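Below you'll find the structure, written out as structure tokens, and then a few comments.
These figures come from a predicted structure and were not determined experimentally.
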Amino acid sequence: MPHLQLTNCELEVMDIVWQKGRVTVQEVVDTIERPLAYTTVMTTLKILDETRGVVRRSKEGRAFVYEPVVSREEIRKSMASDLTERLFDGSAKSLVLSLI
């Protein structure tokens, strides 16, 4: 799996997708803890689908429903691995020691 780096906003949206399993844009807007415009959430979900490939969408009635394709754990591993490679020359030991 390629390194998946998600922005803070993408992670906020993905938290809701993982929590609920299947969501519409409106459900994310209604659930997210900070005020985000409908169009912002819609664009973020579109990026997560078309660019990042971490959700898939299907049309149900007039709305798109989004489902996770990648687990939270896969994203964690990918982002931790990328951080370890970029900042600690691939040494997980150095990463852990810097956290202590």
Side-chain angles (χ1 to χ4, degrees):
M1 169 174 70
H3 286 297
L4 295 170
Q5 294 299 305
L6 301 183
T7 66
N8 288 338
C9 184
E10 290 169 343
L11 283 169
E12 283 181 275
V13 170
M14 282 304 297
D15 279 339
I16 294 166
V17 175
W18 285 318
Q19 175 189 347
K20 294 187 175 270
R22 294 171 42 90
V23 295
T24 63
V25 174
Q26 190 61 55
E27 288 172 324
V28 174
V29 171
D30 293 342
T31 306
I32 203 156
E33 293 184 9
R34 65 183 174 113
L36 281 180
Y38 183 93
T39 54
T40 301
V41 173
M42 182 175 62
T43 300
T44 302
L45 283 164
K46 184 176 179 181
I47 291 167
L48 289 168
D49 174 35
E50 295 176 1
T51 305
R52 306 276 195 225
V54 297
V55 298
R56 83 173 133 244
R57 74 177 183 188
S58 57
K59 185 100 168 167
E60 291 187 11
R62 292 181 32 171
F64 284 108
V65 176
Y66 295 85
E67 298 177 83
V69 175
V70 177
S71 72
R72 185 186 312 260
E73 188 60 28
E74 288 173 294
I75 295 293
R76 280 185 187 145
K77 286 179 182 177
S78 178
M79 292 180 76
S81 174
D82 184 62
L83 177 70
T84 303
E85 287 178 23
R86 290 189 300 134
L87 298 178
F88 299 97
D89 295 324
S91 171
K93 181 179 178 181
S94 295
L95 170 65
V96 170
L97 287 173
S98 75
L99 294 173
I100 296 173

Run the side-chain donor-acceptor check on residues 36-44: report pairs under 3.5 Å with partners two or more places apart or on a different chain.
unit_1, atom_1, unit_2, atom_2, d
T43, OG1, T39, O, 2.9
T44, OG1, T40, O, 2.8

Distance-only criterion, 3.5 Å: show the donor-acceptor pairs between side-chain atoms of residues 86-100 and protein atoms not counting sequence neighbours.
unit_1, atom_1, unit_2, atom_2, d
R86, NE, D82, OD2, 2.7
R86, NH2, D82, OD2, 3.4
S91, OG, S94, N, 3.0
S91, OG, S94, OG, 3.0
S98, OG, L95, O, 2.8

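For Q19, there are no side-chain hydrogen bond (donor to acceptor under 3.5 Å, both in side chains) partners two or more places apart in sequence or in a different chain. Not counting sequence neighbours, the partners of S71 by the side-chain hydrogen bond (donor to acceptor under 3.5 Å, both in side chains) test are E74. Take E60 and apply the side-chain contact (heavy atoms from CB on, under 4.5 Å) test, not counting sequence neighbours, and it matches R22, S58, V65.
The distance from the OG1 atom of T31 to the CG atom of D15 is 11.5 Å, given to the nearest 0.5 Å. Separation of atoms CD (Q5) and CG (L83) is listed at 8.5 Å; rounding is to 0.5 Å.
For the pair G21 and P68, the tightest heavy-atom approach, listed with the atom from each and the gap, is O-CD, 3.0 Å. Of all heavy-atom pairs between R62 and K59, the closest is O-NZ, 3.6 Å.
The number of heavy-atom neighbours closer than 6.0 Å to CD of E73, taken from other residues, nucleotides and ligands shown, is above 12.
Hydrophobic cluster membership is shared by V17 and M79, with clusters built from Ile, Leu, Val, Met, Phe, Trp and Tyr side chains linked at under 4.5 angstrom. With hydrophobic clusters built from ILVMFWY side chains whose heavy atoms lie under 4.5 angstrom apart, V70 shares a cluster with L11. Hydrophobic clustering (side-chain heavy atoms under 4.5 Å, transitive across Ile, Leu, Val, Met, Phe, Trp, Tyr) keeps I32 apart from I47.
By the 4.5 Å heavy-atom criterion applied to side chains, L6 and M14 are counted as neighbours. Between T24 and E27, some side-chain heavy-atom pair lies under the 4.5 Å cut-off.
Annotation: side chain to side chain donor-acceptor pair (under 3.5 Å) contacts involving residues 45-56, sequence neighbours excluded, comprise E10-R52.
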